[in-house]
Amino acid sequence: MKIATWNVNSIRTRLSYVKMFLVDNGIDVLSLQEIKTEEKNFPFEEFSNLNYFAYVFGQKAYNGVALISKSPFKEVKKNILNDGIARTIEGQIDDLTILNVYFPHGGNLGSEQFFYKLEFYKKVKNYILKNDLINKNFILLGDFNIAREDIDVWDKDLLDGTIGFMKEERDALNDLISIGLIDAFRYFHGDVVAFTWWDYTGGSFKRNYGMRIDCIYVSKSLVGRLKNCYIEKSLRALDKPSDHVPVVLELI
DNA sequence: ATGGTGGAGCGTCCA
(Lines give C-alpha, C1' and ligand atoms only; values in the text may rest on other atoms or scores of the structure.)
Protein backbone atom coordinates (compact mmCIF):
# COMPACT_ATOMS: atom_id res chain seq x y z
CA MET A 1 0.00 0.00 0.00
CA LYS A 2 1.37 3.41 -1.00
CA ILE A 3 0.46 6.46 1.03
CA ALA A 4 1.67 9.91 0.05
CA THR A 5 1.56 13.52 1.17
CA TRP A 6 1.92 16.63 -0.96
CA ASN A 7 1.47 20.34 -0.46
CA VAL A 8 0.32 21.24 -3.97
CA ASN A 9 -0.09 25.01 -3.54
CA SER A 10 -3.46 25.11 -5.40
CA ILE A 11 -5.10 21.91 -6.61
CA ARG A 12 -6.61 23.59 -9.65
CA THR A 13 -3.24 24.88 -10.86
CA ARG A 14 -1.47 21.58 -10.11
CA LEU A 15 -4.20 19.17 -11.21
CA SER A 16 -2.39 17.61 -14.16
CA TYR A 17 0.73 16.96 -12.05
CA VAL A 18 -1.31 15.43 -9.24
CA LYS A 19 -3.04 13.05 -11.66
CA MET A 20 0.29 12.13 -13.21
CA PHE A 21 1.81 11.51 -9.80
CA LEU A 22 -1.06 9.25 -8.70
CA VAL A 23 -0.88 7.11 -11.80
CA ASP A 24 2.91 6.98 -12.23
CA ASN A 25 3.50 6.01 -8.61
CA GLY A 26 0.44 3.80 -8.16
CA ILE A 27 -0.61 5.78 -5.09
CA ASP A 28 -3.39 4.30 -2.93
CA VAL A 29 -3.92 7.25 -0.60
CA LEU A 30 -2.82 10.84 -1.25
CA SER A 31 -3.00 13.48 1.40
CA LEU A 32 -3.08 17.03 0.00
CA GLN A 33 -2.43 20.40 1.60
CA GLU A 34 -2.95 23.96 0.39
CA ILE A 35 -5.57 23.06 -2.16
CA LYS A 36 -6.61 26.73 -1.93
CA THR A 37 -10.20 26.26 -2.92
CA GLU A 38 -13.63 25.68 -1.48
CA GLU A 39 -15.16 22.24 -1.75
CA LYS A 40 -17.65 23.44 -4.36
CA ASN A 41 -14.80 24.27 -6.74
CA PHE A 42 -12.78 21.11 -6.12
CA PRO A 43 -12.26 19.02 -9.29
CA PHE A 44 -14.00 15.89 -7.96
CA GLU A 45 -14.80 14.60 -11.44
CA GLU A 46 -11.16 14.59 -12.51
CA PHE A 47 -10.42 12.17 -9.68
CA SER A 48 -13.48 9.98 -10.11
CA ASN A 49 -12.51 9.64 -13.78
CA LEU A 50 -9.23 8.16 -12.54
CA ASN A 51 -11.19 5.89 -10.16
CA TYR A 52 -10.18 7.77 -7.05
CA PHE A 53 -12.44 8.97 -4.24
CA ALA A 54 -11.91 12.48 -2.87
CA TYR A 55 -12.71 13.89 0.58
CA VAL A 56 -12.25 17.62 0.89
CA PHE A 57 -12.08 20.24 3.63
CA GLY A 58 -11.68 23.41 1.63
CA GLN A 59 -11.52 27.12 2.12
CA LYS A 60 -11.49 30.07 -0.24
CA ALA A 61 -8.00 31.18 -1.38
CA TYR A 62 -6.07 29.78 1.61
CA ASN A 63 -5.26 26.47 3.25
CA GLY A 64 -7.48 23.51 2.35
CA VAL A 65 -6.75 19.80 2.79
CA ALA A 66 -8.00 16.64 1.10
CA LEU A 67 -7.70 12.87 1.08
CA ILE A 68 -7.66 11.09 -2.27
CA SER A 69 -7.96 7.31 -2.33
CA LYS A 70 -8.39 4.31 -4.59
CA SER A 71 -10.82 2.63 -2.20
CA PRO A 72 -13.35 4.52 -0.10
CA PHE A 73 -12.59 5.72 3.41
CA LYS A 74 -14.87 4.22 6.06
CA GLU A 75 -15.10 7.42 8.03
CA VAL A 76 -13.83 10.94 7.47
CA LYS A 77 -13.55 13.68 10.08
CA LYS A 78 -12.90 17.26 9.03
CA ASN A 79 -12.01 20.15 11.29
CA ILE A 80 -10.73 17.95 14.13
CA LEU A 81 -9.57 20.96 16.17
CA ASN A 82 -12.97 22.64 15.79
CA ASP A 83 -11.37 25.89 14.69
CA GLY A 84 -13.12 26.02 11.33
CA ILE A 85 -9.78 26.48 9.55
CA ALA A 86 -9.25 24.02 6.70
CA ARG A 87 -6.05 22.48 8.01
CA THR A 88 -7.09 19.02 9.23
CA ILE A 89 -8.80 15.98 7.78
CA GLU A 90 -8.73 12.45 9.18
CA GLY A 91 -9.95 9.17 7.77
CA GLN A 92 -10.22 5.45 8.46
CA ILE A 93 -9.17 3.09 5.72
CA ASP A 94 -8.48 -0.63 6.11
CA ASP A 95 -7.01 -0.88 9.63
CA LEU A 96 -5.38 2.55 9.43
CA THR A 97 -6.22 5.94 10.89
CA ILE A 98 -4.73 8.66 8.71
CA LEU A 99 -4.51 12.26 9.92
CA ASN A 100 -3.58 14.87 7.35
CA VAL A 101 -2.49 18.21 8.79
CA TYR A 102 -1.42 21.47 7.21
CA PHE A 103 0.45 23.06 10.10
CA PRO A 104 0.59 26.87 10.18
CA HIS A 105 3.53 28.69 8.60
CA GLY A 106 4.16 30.83 11.67
CA GLY A 107 5.04 34.23 10.28
CA ASN A 108 8.02 35.63 12.19
CA LEU A 109 9.40 35.02 15.67
CA GLY A 110 7.18 36.64 18.24
CA SER A 111 4.32 37.34 15.83
CA GLU A 112 0.71 36.39 16.50
CA GLN A 113 1.02 33.66 13.84
CA PHE A 114 4.09 32.27 15.56
CA PHE A 115 2.24 31.64 18.83
CA TYR A 116 -0.70 30.29 16.86
CA LYS A 117 1.67 27.77 15.28
CA LEU A 118 3.07 26.59 18.62
CA GLU A 119 -0.46 26.34 20.07
CA PHE A 120 -1.59 24.42 17.01
CA TYR A 121 1.14 21.85 17.63
CA LYS A 122 -0.03 21.37 21.22
CA LYS A 123 -3.62 20.98 20.09
CA VAL A 124 -2.74 18.27 17.56
CA LYS A 125 -0.73 16.43 20.22
CA ASN A 126 -3.61 16.62 22.70
CA TYR A 127 -6.08 15.46 20.07
CA ILE A 128 -3.95 12.39 19.30
CA LEU A 129 -3.57 11.55 23.00
CA LYS A 130 -7.23 12.17 23.82
CA ASN A 131 -8.36 9.82 21.05
CA ASP A 132 -5.66 7.27 21.86
CA LEU A 133 -4.53 7.24 18.24
CA ILE A 134 -0.97 6.51 19.30
CA ASN A 135 -2.05 2.99 20.28
CA LYS A 136 -3.72 2.38 16.92
CA ASN A 137 -2.32 1.86 13.46
CA PHE A 138 -1.91 5.58 13.08
CA ILE A 139 -0.32 7.78 10.42
CA LEU A 140 0.24 11.52 10.88
CA LEU A 141 1.31 13.20 7.68
CA GLY A 142 1.34 16.56 5.97
CA ASP A 143 3.17 19.86 5.80
CA PHE A 144 4.69 20.41 9.23
CA ASN A 145 6.31 23.74 8.32
CA ILE A 146 9.19 22.82 10.67
CA ALA A 147 12.53 21.18 9.91
CA ARG A 148 13.32 19.05 12.95
CA GLU A 149 17.01 18.15 12.61
CA ASP A 150 20.12 19.96 11.43
CA ILE A 151 20.28 17.65 8.40
CA ASP A 152 16.75 18.72 7.42
CA VAL A 153 17.94 22.10 6.17
CA TRP A 154 20.49 23.20 3.55
CA ASP A 155 22.43 25.44 5.98
CA LYS A 156 21.78 25.03 9.68
CA ASP A 157 23.85 28.06 10.66
CA LEU A 158 22.31 30.42 8.14
CA LEU A 159 18.78 29.28 8.94
CA ASP A 160 19.22 29.18 12.70
CA GLY A 161 16.58 31.45 14.21
CA THR A 162 14.53 31.77 11.03
CA ILE A 163 10.96 30.57 10.60
CA GLY A 164 10.66 26.82 10.22
CA PHE A 165 13.92 26.15 12.04
CA MET A 166 13.68 27.97 15.34
CA LYS A 167 14.37 26.25 18.61
CA GLU A 168 10.82 26.83 19.85
CA GLU A 169 9.45 25.21 16.70
CA ARG A 170 11.79 22.23 16.74
CA ASP A 171 10.94 21.73 20.41
CA ALA A 172 7.22 21.77 19.54
CA LEU A 173 7.66 19.14 16.82
CA ASN A 174 9.90 16.98 19.03
CA ASP A 175 7.31 17.25 21.79
CA LEU A 176 4.59 16.09 19.41
CA ILE A 177 6.50 13.05 18.18
CA SER A 178 7.73 12.16 21.66
CA ILE A 179 4.35 10.54 22.31
CA GLY A 180 5.49 7.67 20.09
CA LEU A 181 5.69 8.66 16.45
CA ILE A 182 8.35 7.45 14.03
CA ASP A 183 9.61 9.53 11.11
CA ALA A 184 9.24 7.08 8.23
CA PHE A 185 11.76 8.83 5.99
CA ARG A 186 14.42 8.82 8.72
CA TYR A 187 13.66 5.17 9.47
CA PHE A 188 15.07 4.27 6.06
CA HIS A 189 17.47 7.15 5.47
CA GLY A 190 18.95 7.91 8.88
CA ASP A 191 21.59 10.43 7.89
CA VAL A 192 20.60 11.39 4.35
CA VAL A 193 20.24 15.09 3.62
CA ALA A 194 17.04 15.43 1.60
CA PHE A 195 14.47 18.16 1.20
CA THR A 196 10.78 18.41 0.34
CA TRP A 197 10.50 22.17 -0.12
CA TRP A 198 12.50 24.83 -1.95
CA ASP A 199 11.60 28.50 -2.02
CA TYR A 200 10.36 29.88 -5.34
CA THR A 201 12.76 32.79 -5.05
CA GLY A 202 16.45 33.14 -5.73
CA GLY A 203 16.94 29.93 -7.70
CA SER A 204 16.65 27.90 -4.50
CA PHE A 205 15.89 24.62 -6.22
CA LYS A 206 18.85 24.82 -8.60
CA ARG A 207 21.13 25.59 -5.66
CA ASN A 208 19.38 22.93 -3.56
CA TYR A 209 18.59 25.45 -0.84
CA GLY A 210 15.75 23.41 0.66
CA MET A 211 14.17 22.09 3.82
CA ARG A 212 12.54 18.77 4.77
CA ILE A 213 9.25 19.97 6.21
CA ASP A 214 6.80 17.47 4.68
CA CYS A 215 6.76 14.23 6.62
CA ILE A 216 5.02 10.96 7.34
CA TYR A 217 5.00 9.77 10.94
CA VAL A 218 3.70 6.36 12.02
CA SER A 219 2.76 4.81 15.34
CA LYS A 220 4.88 1.98 16.75
CA SER A 221 2.43 -0.71 15.72
CA LEU A 222 3.19 0.09 12.06
CA VAL A 223 6.98 -0.11 12.25
CA GLY A 224 6.98 -3.78 11.26
CA ARG A 225 5.00 -2.90 8.13
CA LEU A 226 7.32 -0.16 6.84
CA LYS A 227 8.66 -1.12 3.44
CA ASN A 228 10.03 2.11 1.96
CA CYS A 229 9.79 5.88 2.15
CA TYR A 230 10.97 8.26 -0.54
CA ILE A 231 10.77 11.85 -1.72
CA GLU A 232 9.63 12.43 -5.31
CA LYS A 233 12.01 15.30 -6.01
CA SER A 234 11.60 15.27 -9.80
CA LEU A 235 8.25 17.06 -9.57
CA ARG A 236 9.98 20.25 -8.41
CA ALA A 237 11.85 20.51 -11.70
CA LEU A 238 8.73 20.69 -13.85
CA ASP A 239 7.36 23.87 -15.36
CA LYS A 240 5.11 25.73 -12.88
CA PRO A 241 5.72 23.36 -9.97
CA SER A 242 4.49 23.46 -6.41
CA ASP A 243 7.23 24.66 -4.08
CA HIS A 244 6.80 21.30 -2.27
CA VAL A 245 7.28 17.74 -3.56
CA PRO A 246 5.49 14.56 -2.47
CA VAL A 247 6.70 12.10 0.15
CA VAL A 248 5.67 8.48 -0.38
CA LEU A 249 5.37 5.71 2.20
CA GLU A 250 5.11 2.05 1.24
CA LEU A 251 3.47 -0.24 3.77
CA ILE A 252 3.35 -4.00 3.64
C1' DA B 1 15.68 47.01 4.73
C1' DT B 2 14.16 45.34 0.46
C1' DG B 3 13.11 42.30 -2.97
C1' DG B 4 13.22 38.07 -4.81
C1' DT B 5 8.52 34.21 -6.86
C1' DG B 6 3.95 32.23 -6.86
C1' DG B 7 -1.35 31.54 -5.97
C1' DA B 8 -6.00 33.40 -5.19
C1' DG B 9 -8.73 36.60 -7.17
C1' DC B 10 -9.19 41.55 -7.78
C1' DG B 11 -7.77 44.21 -2.30
C1' DT B 12 -3.99 42.71 -0.89
C1' DC B 13 -2.89 38.65 1.94
C1' DC B 14 -0.30 34.58 2.59
C1' DA B 15 3.60 31.51 1.99
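For the numbers below, each heavy atom of this structure counts, side chains included, while hydrogens, waters and symmetry mates do not.
Atom C1' of nucleotide B:dG7 and atom CG of A:Asp243 are separated by 10 Å, given to the nearest angstrom. Rounded to whole Å, the distance from CG on A:Asp143 to C1' on B:dC14 is 13 Å. For A:Gln33 and B:dC14, the CD to P distance is 20 Å, given to the nearest whole Å. Atom-to-atom, OH of A:Tyr62 to C1' of B:dG9 comes out at 9 Å; the value is rounded to the nearest Å. Rounded to whole Å, atom C1' of B:dC14 lies 13 Å from atom CD1 of A:Ile163. Between A:Glu34 atom CD and B:dG9 atom P the separation is 13 Å, expressed in whole Å. Taking atom CD1 of A:Ile35 as the reference point, atom P of B:dA8 lies 11 Å away to the nearest angstrom. Taking atom CG of residue A:Asn63 and atom P of nucleotide B:dA8, one finds them 13 Å apart after rounding to whole Å.
Nucleotides B:dC13 and B:dT2, compared at atom P, are 16 Å apart to the nearest Å. When the C1' atom is compared between B:dG9 and B:dC14, the two are found 13 Å apart, to the nearest whole Å. Taking atom C1' in both B:dA15 and B:dG4, the straight-line distance is 13 Å, to the nearest Å.
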Find every protein N or O atom lying less than 3.5 Å from an N or O atom of nucleotides 2-6 of chain B, and list the pairs.
none

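Each of A:Asp132, A:Asn137, A:Asn131 was compared with A:Asn135 under the side chain to side chain donor-acceptor pair (under 3.5 Å) criterion, and only A:Asp132 meets it. A ring-ring contact (aromatic ring centres under 6.0 Å, His included) with A:Phe73 is found for exactly one of A:Phe53, A:Tyr55, A:Tyr52, namely A:Tyr55.
Note on ring orientation: taking the six-membered ring where Trp is involved, the planes of A:Phe144 and A:Phe103 are parallel (angle under 30°, cut-offs 30° and 60°).
With the nearest nucleotide of DNA chain B identified for both A:Lys60 and A:Asn145, A:Lys60 has the one nearer the 5' end.
For the residue pair A:Trp6 and A:His244, the shortest heavy atom distance occurs at NE1-O, 2.9 Å.
Between A:Phe44 and A:Val56, the closest side-chain pair of non-hydrogen atoms falls below 4.5 Å.
Within the 4.0 angstrom heavy-atom criterion, no nucleotide atom of any strand lies near A:Arg207.
Annotation: salt bridge (Lys or Arg N to Asp or Glu O under 4.0 Å) contacts involving residues 102-111 of chain A, sequence neighbours excluded, are absent.
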message: Could you go through A:Asp199 and A:Arg207, starting from their C-alpha distance and side-chain angles, then the distance that decides it, and tell me whether this counts as salt bridge (Lys or Arg N to Asp or Glu O under 4.0 Å)?
response: CA-CA 11 Å; A:Asp199 202 299; A:Arg207 297 180 158 96; over 6 Å; no

task: Output, in order, the C-alpha distance, side-chain angles, deciding distance and verdict of salt bridge (Lys or Arg N to Asp or Glu O under 4.0 Å) for A:Lys167 and A:Asp171.
output: CA-CA 6 Å; A:Lys167 185 176 185 306; A:Asp171 287 349; 2.8 Å; yes

message: Run A:Asp83 and A:Lys123 through salt bridge (Lys or Arg N to Asp or Glu O under 4.0 Å) and show every step you take.
response: CA-CA 11 Å; A:Asp83 55 4; A:Lys123 285 179 186 169; over 6 Å; no

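For the segment residues 102-120 of chain A, residues with any heavy atom less than 4.0 angstrom from an atom of DNA chain B are, sorted by number, A:Tyr102, A:His105.
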